[in-house]
Amino acid sequence: MSKPKFQTPAGMHDILPEDQGYYQKINDVVKNIADFYGFEKIDTPILENAELFSKGIGASTDIIDKEMFVLKTKGGDFLALRPEGTAPTVRAYIEDGFANLPQPIKLWYSGPFFRYEHPQVGRFRQFRQFGFEIFGEESAVIDAQMIQIFYNILRELKLKNLVIEINSIGDSQCRPYYKKLLSNYFRSRESALCADCRRRLRENPLRILDCKDEKCQPVKAQAPQMIDHLCEFCHKHFKEVLEYLDEIGLPYRLNPYLVRGLDYYTKTVFEIFPESTPTPKMVGTPNRSVGEEEAVSKLSALAGGGRYDVLVKLLGGRDTPACGAACGIERIVGLMKAKAISPRKEVGFDIFLAQLGTLAKRKSLKLIEEFRQEKVMVAESLGRDSLKAQLARANKLGVKYTLILGQQEALENRVIVRDMKIGRQESLKLDKAVHEIIKKIKNK
Ligand code: HAM
């Protein structure tokens with residue numbers, strides 16, 4: 001078959017009806033957990049001033065250097081499709097006066113984000129994230145609770161064997177000295193680094209620790225580690241975070257190379273991974289939208305975040321400690337599919353309404369609305385005229401009762417109710433039908 005002339009842009013996909021259940025389920029779980037932990041929802045624009053991100057995320061990060069979709073408006077402003085949600089939430093925190101309210105401020109968001117990445121398994125140019133941010137709390141217990149929240153969401157979605165990787169990247173007291181140590185170390189081994197890392201060495205040597213290139217791994221393995229060079233304050237903070245995690249029994253792994261791809265972090269950084277994915281082949285319905293081979297590999301983090309105590313000030317607000325994280329929704333969907341986790345029960349219909357003739361169709365529309373208001377799930381085939389075809393569909397759906405509104409019944413304002421299990425039929429007055437059916441369903 002030839003390719004259609006118009007296709008989704010590279011790295012972007014439709015969410016087809018068969019996949020909507022996954023996205024709905026994830027949204028429901030996230031909202032319930034947000035409510036439980038006292039987070040309020042915020043929606044920020046898809047487009048923001050491009051400088052918000054270059055300043056907030058850091059000019060030498062891949063996101064800013066290579067991955068932003070930037071456009072120039074007719075008025076000459078440079079706007080960017082948001083690549084992440086933290087900088088916009090901080091912008092809103094400052095602009096919308098959250099700093100003047102009693103702290104902490106707890107916000108969550110969910111929606112599409114954009115990064116001009118090389119599309120591959122679990123990596124898209126338009127993807128969805130949900131994120132949680134807490135402003136105005138510096139205690140280590142908040143870092144641990146943030147990790148717990150994301151872990152709980154993933155567990156609630158029935159994902160098992162999750163691994164939390166955690167590190168501390170210090171603060172403005174201890175990081176500059178460590179960066180210098182790291183630079184000296186990598187400079188003495190520059191020829192053993194990949195081309196990207198040779199560039200990173202000049203711009204931001206911490207990024208080298210994040211490099212996945214085979215060539216850099218032996219050099220990285222011998223590099224000085226931040227954890228050995230934390231100042232007293234950061235050391236104590238990190239120790240406390242780990243103690244809290246021990247207390248709640250979360251399975252974490254220290255990863256001294258975890259630095260994250262955004263520059264705004266201070267102290268705690270973390271990512272949550274699926275421990276292993278059995279096979280990249282999809283189980284269950286093939287997901288045409290994400291791609292047949294879609295499954296989240298061991299290298300793809302489901303969630304990532306950490307503390308960012310300097311970002312609010314950097315973007316023009318008061319000195320405000322903050323902590324947060326975000327999770328990739330497509331990655332969760334990919335993993336749920338790979339593990340054959342069904343997002344929800346099939347929508348079950350209680351009754352089927354079969355009709356015959358124009359008057360019956362008219363009365364059916366009204367009757368369906370009455371059932372809808374009473375939250376009774378009623379299936380129908382209003383466009384069909386054949387009673388046989390309609391009854392066949394009722395059988396297929398496995399409903400408990402079928403209501404038959406034929407021409408005669410419509411004239412007499414009555415309806416036939418057929419108990420599909422025992423085949424018994426009775427005639428009810430139309431204005432009593434909803435009430436009677438609800439009684440019958442409840443008694444079944
Ligand atoms: P991030 O690690 O860049 O952090 O993204 C968070 C999650 O979004 C990732 O773990 C991944 O699941 C998903 N994700 C990122 N890029 C893609 C992509 N191209 N395709 C599919 N999924 C993707 C942040 O965005 C920070 N704002 C998190 C944060 C919130 N830190 C503090 N508060």
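As the structure lists them, so they are numbered: ligands from 1, and atoms in each ligand from 1.
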Nearest heavy atom to atom 31 (N) of ligand 1: which of Phe113, Tyr265, Phe273 does it belong to? Tyr265

Please verify whether a non-hydrogen atom of Glu330 lies at under 4.0 Å from ligand 1. no

Ligand 1 versus Ile63, non-hydrogen atoms closer than 4.0 Å: side chain, backbone, both, neither? neither

If you measure from atom 28 (C) of ligand 1 to every heavy atom of Gly304, Pro119, Ala87, which option wins on shortest distance? Gly304

Protein heavy atom at shortest distance from atom 23 (C) of ligand 1: Phe127 CD1, 3.5 Å

Run the contact test for Gly261 against ligand 1 with a 4.0 Å cut-off on heavy atoms, strictly below, and give the result. no

Measure Ala303 to ligand 1 on non-hydrogen atoms and call it side chain, backbone, both or neither using the 4.0 Å cut-off. backbone

Among all residues two or more places apart in sequence or in another chain, which pass the ring pair (Phe, Tyr, Trp, His ring centres under 6.0 Å) test with Tyr93? Phe135

Closest non-hydrogen atom pair, Glu330 against Phe124: CB-CE1, 3.5 Å

Examine Gly85 against ligand 1 and note whether any of their N/O atoms are separated by less than 3.5 Å. no

Have a look at ligand 1 and work out which part of Glu117, if any, has a heavy atom under 4.0 Å from it: side chain, backbone, both or neither. side chain

Look at ligand 1 and say whether Arg125 reaches it with a heavy atom at a distance under 4.0 Å. no

Give a yes or no on whether Glu247 atom CD has more than 12 heavy-atom contacts from other residues, nucleotides or ligands under 6.0 Å away. no

Within the 4.0 Å heavy-atom cut-off, what Tyr308 brings close to ligand 1 is side chain

Tell me, which pairs form a salt bridge (Lys or Arg N to Asp or Glu O under 4.0 Å) where one or both residues lie in residues 104-122, sequence neighbours left out? Glu117-Arg123

Classify the contact between Ala325 and ligand 1 as side chain, backbone, both or neither, using a heavy-atom distance cut-off of under 4.0 Å. backbone

Return the residue, atom name and 0.1 Å-rounded distance of the protein heavy atom closest to atom 10 (O) of ligand 1. Ala301 O, 3.3 Å

Heavy atom of Tyr264 under 4.0 Å from ligand 1? yes

Is there a side-chain contact (heavy atoms from CB on, under 4.5 Å) between Val376 and Ile438? Walk through the geometry before answering. CA-CA 8 Å; Val376 175; Ile438 291 174; 3.8 Å; yes

Take the angle between the ring planes of Phe130 and Phe132 and call it parallel below 30°, perpendicular above 60°, tilted in between. perpendicular

Name the closest protein heavy atom to atom 1 (P) of ligand 1, giving the residue it belongs to and the distance to 0.1 Å. Arg260 NH2, 3.6 Å

